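What you see is a predicted model; the values in this text were computed from it and never measured. Chain A is the first sequence line, chain B the second, and so forth, proteins listed ahead of strands; every chain is numbered from 1.
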Amino acid sequence: MTSKRQPLHEWTVDPDTAIALQKSLAPRVVRHDEIGDVEHIAGVDIGFEEGGETTRAVVVIMRWPSLEIVERVLHRKPTQMPYIPGLLSFRELPAALEAFEQLSVMPDLLMVDGMGIAHPRRLGIAAHLGLWLDLPAIGVGKSRLCGQHDEVPDSRGHWVALTHRNETIGGVLRTRERVKPLYISTGHRVSLETSIDWVMQCLTRYKLPEPTRQADRIASRRTAETRRPEESAAPEQNTLSF
DNA sequence: GCGACAG
DNA sequence: ATCTTGTCGC
């Protein structure tokens with residue numbers, strides 16, 4: 001029997017409703033390790049086109065530990081909510097969720113561009129996505145949303161705690177010397193320490209871990225792959241698997 | 001009331 | 001996030 005998972009909640013574009021949802025969902029986020037064998041890791045990132053009118057979600061699936069790309073999905077969807085600090089997931093997840101529906105392989109771990117629980121109400125985009133898909137997830141942010149931290153030693157692999165309201169919500173990790181550190185945090189079913197470990201394991205020669213870096217390249221850059229299909233050929237095609 | 005503010 | 005060329009430095 002195929003049972004279709006019921007969605008966590010109805011979507012909304014109302015700020016107050018979104019905040020209320022975050023408060024009720026945050027307690028359900030699992031902050032300890034509840035992760036099995038990892039065969040595939042997904043990198044998730046969102047980009048925008050036409051001045052923000054269109055949201056472009058990209059999911060890259062990599063095999064572990066080879067880190068070879070085994071699948072990529074690019075999905076476009078009309079943007080229906082503005083960017084509001086703290087409500088990022090409500091703007092970017094709709095497109096991402098539809099991208100996941102296109103996958104032929106479900107990953108065992110997610111690495112999302114943005115915060116996990118390092119969020120004012122402890123439900124950043126990585127936590128929200130992990131909770132929705134019920135998959136282990138790690139938040140990989142490039143800048144700070146909230147919380148305070150000491151200066152990070154300029155040595156690859158070193159990190160300091162990110163604290164907010166008397167609680168450690170993440171870690172600020174130096175993934176490359178002389179380069180701005182990354183803000184790592186639990187998304188779902190992965191502890192902070194394990195999250196940092198996975199990020200380090202996925203580093204090559206760049207600032208970002210491979211899953212996020214690959215997704216980022218495709219989502220942000222307007223290259224040959226990012227090219228929209230010919231309007232005359234297939235006007236309705238907004239999804240590309242390659 | 002005054003800043004701060006993921007992508 | 002996005003608009004954008006070249007340029008300085010490890």
Length of the [atom1]-[atom2] vector between [X] and [N], whole Å:
X       : N       : atom1 : atom2 : result
L88(A)  : dG7(B)  : CG    : P     : 8 Å
D216(A) : dG7(B)  : CG    : P     : 10 Å
L93(A)  : dA6(B)  : CG    : C1'   : 12 Å
R144(A) : dG7(B)  : CZ    : P     : 12 Å
R176(A) : dC10(C) : CZ    : P     : 13 Å
M111(A) : dA6(B)  : CE    : C1'   : 16 Å
I46(A)  : dT2(C)  : CD1   : P     : 11 Å
K77(A)  : dA1(C)  : NZ    : C1'   : 19 Å

What does [X] touch in the nucleic acid at a heavy-atom separation under 4.0 angstrom: a base, only the sugar-phosphate, or nothing?
X       : value
G124(A) : base
G139(A) : nothing
L123(A) : nothing
F48(A)  : sugar-phosphate

Subject >> Interatomic spacing from NZ in K142(A) to CE in M115(A) - rounded to 0.5 Å >> reply: 10.0 Å

Original post:
Got a second to check how far R72(A)'s CZ is from L103(A)'s CG, nearest 0.5 Å?
Top reply: 13.0 Å

Does [N] have OP1 or OP2 sitting under 4.0 Å from an N or O in the side chain of [X]?
X       : N      : value
S220(A) : dT2(C) : yes
S143(A) : dG7(B) : yes
Y183(A) : dA6(B) : no
R122(A) : dA6(B) : no

Original post:
For the side chain of I125(A), counting heavy atoms from C-beta on, which of dA6(B), dG7(B), dA1(C) is nearest?
Top reply: dA6(B)

Original post:
When you measure from the side chain of R178(A), which nucleotide among dC5(B), dG7(B), dC10(C) comes out closest?
Top reply: dC10(C)

**OP:** Assess R144(A) against Y183(A): is NZ or CZ under 6.0 Å from the centre of the six-membered ring, and within 45 degrees of the ring's axis?
**Re:** no

**OP:** Determine, step by step, whether D113(A) and T212(A) satisfy the side chain to side chain donor-acceptor pair (under 3.5 Å) criterion, reporting the C-alpha distance in whole Å, the side-chain angles of both residues, the deciding distance to 0.1 Å, and the verdict.
**Re:** CA-CA 6 Å; D113(A) 193 320; T212(A) 294; over 6 Å; no

Original post:
Would you call the rings of W132(A) and W11(A) parallel, tilted or perpendicular if under 30° counts as parallel and over 60° as perpendicular?
Top reply: perpendicular

